[in-house]
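Following: one structure in structure tokens, then a few remarks.
Because the structure is a prediction, the values reported are computed rather than measured. We count ligands from 1, going down the list as the structure has it; atoms in each ligand are counted the same way.
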Amino acid sequence: MEMTLDVRPLSPALGAEVVGADLSRPLSDDAFACIKRAHLDHCVLVFRDQHLTPAQHIAFSRRFGDLHIHMLEQYLMEDHPEILVLSNVRQGGRAIGFEDAGRYWHSDVTYEEVPPLGSLLYGVEVPPEGGDTLFANMYAAYEALDAATKRRVAGLRARHRYNIDRRRPRRGTIHVTDEQAAKIREVSHPVVRTHPESGRKALYVNPGFTVGIEGLAETDGAALLAELFDHIDDARFQYRHIWRQRDLVFWDNRCVMHHATDYDPVHTRHMLRTTVKGDRPV
Ligand code: SIN
């Protein structure tokens with residue numbers, strides 16, 4: 001039976017719920033085209049009440065491109081390295097997932113030369129409150145800059161790096177091994193990138209991984225970034241996703257930042273993420 005999809009905006013800033021999709025089944029080309037269009041238009045898509053095996057999660061994600069394998073291999077799902085486990089579940093005293101991932105504004109993996117198109121996060125078990133994910137529309141953030149700031153950032157490139165300081169072990173979790181830390185390199189991306197599909201400009205700096213501006217003294221770069229981060233952190237650009245069990249949320253890393261929020265760790269938060277490879281930002 002053909003799926004009839006309904007796309008319902010979730011906030012004035014970004015985000016839409018796609019109603020009528022069963023992502024455990026292969027999608028027709030028409031249904032896929034509708035989802036792809038909605039993703040470009042709304043930047044974050046929410047699919048409620050999905051019953052997905054890891055293989056089905058991966059199969060749906062692969063419709064959008066090849067999948068990225070995260071460098072933190074200790075948190076990849078056994079037999080499914082395309083899935084990064086974000087979880088506070090412990091087995092035998094050991095964290096099975098990256099427990100406090102993303103508790104700061106960031107876009108995924110901007111510390112790599114070719115950062116991802118998007119990420120698909122599946123809420124297997126979510127706490128009764130807290131543990132929400134905030135999303136910010138970086139097209140809107142760019143468009144809201146005043147003309148002088150737009151001129152100032154045009155043509156600048158920012159330096160990105162995986163932030164070892166965020167290793168802060170919680171409950172003994174080690175996020176980055178010494179071997180992984182030794183492989184970390186700095187990369188640079190335009191401060192304003194042009195989305196390869198929509199053609200729209202988006203701010204592409206984030207507090208999580210952007211560490212400086214190429215060609216500017218450390219203090220000048222830090223001052224400009226502080227100004228941009230302050231500008232971005234504004235409710236008018238945001239949507240707060242309050243998770244329900246078995247939500248799948250698919251965001252566009254090319255024009256969206258996100259931020260996981262705290263929750264009481266007596267509750268389980270067990271999430272599975274696939275990440276679709278993207279293009280070199282221009
Ligand atoms: C992430 O940064 O991908 C995790 C977001 C979340 O757990 O809400």
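Looking at ligand 1, you'll find an N or O of His106 within less than 3.5 Å of one of its N or O atoms.
For atom 6 (C) of ligand 1, the candidate residues are Arg269, His259, Met271; the nearest heavy-atom contact is made by Arg269.
In the vicinity of Asp108, heavy-atom distances shorter than 4.0 Å reach the ligand 1 atoms 2 (O), 3 (O). Atoms of ligand 1 lying under 4.0 Å from at least one heavy atom of Thr133, given by number and element, are 6 (C), 8 (O). With ligand atoms numbered from 1 in the order given, ligand 1 contributes 2 (O) to contacts under 4.0 Å with heavy atoms of Gly102. Proximity to Arg273 (heavy-atom distance under 4.0 Å) selects the following atoms of ligand 1: 1 (C), 3 (O). Residue-ligand proximity, Leu121 to ligand 1, at heavy-atom distances under 4.0 Å covers atoms 5 (C), 6 (C), 7 (O), 8 (O). The distance from ligand 1 to the heavy atoms of Leu86 drops below 4.0 Å at these ligand atoms: 3 (O), 4 (C). Numbered from 1 in the order shown, with element, the atoms of ligand 1 that lie under 4.0 Å from a heavy atom of Trp251 read 3 (O).
Taking a 6.0 Å sphere around CD of Glu143, one finds it holds more than 12 heavy atoms contributed by other residues, nucleotides or ligands.
When only modelled atom types and interatomic distance are considered, Glu112 and His68 share a side-chain donor-acceptor pair under 3.5 Å. Side-chain atoms of Tyr142 and Arg200 include no donor-acceptor pair closer than 3.5 Å.
Taking the centre of each ring, His42 and Tyr239 stay at or above the 6.0 Å mark. For His189 and Tyr204, the distance between ring centers is under 6.0 angstrom.
With respect to Arg152 and Glu227, a salt bridge is recorded, a charged nitrogen being found less than 4.0 Å from a carboxylate O. We find that Arg159 and Glu218 are joined by a salt bridge, their nearest charged nitrogen and carboxylate oxygen being less than 4.0 Å apart. A salt bridge is defined here as a Lys NZ or Arg NE, NH1 or NH2 lying under 4.0 Å from an Asp or Glu carboxylate O, and Arg63 with Asp29 meets this definition.
At a 4.0 Å cut-off, not a single heavy atom of Phe98 sits close enough to ligand 1 to count as contact.
His258 NE2, 3.4 Å is the protein heavy atom nearest to atom 1 (C) of ligand 1.
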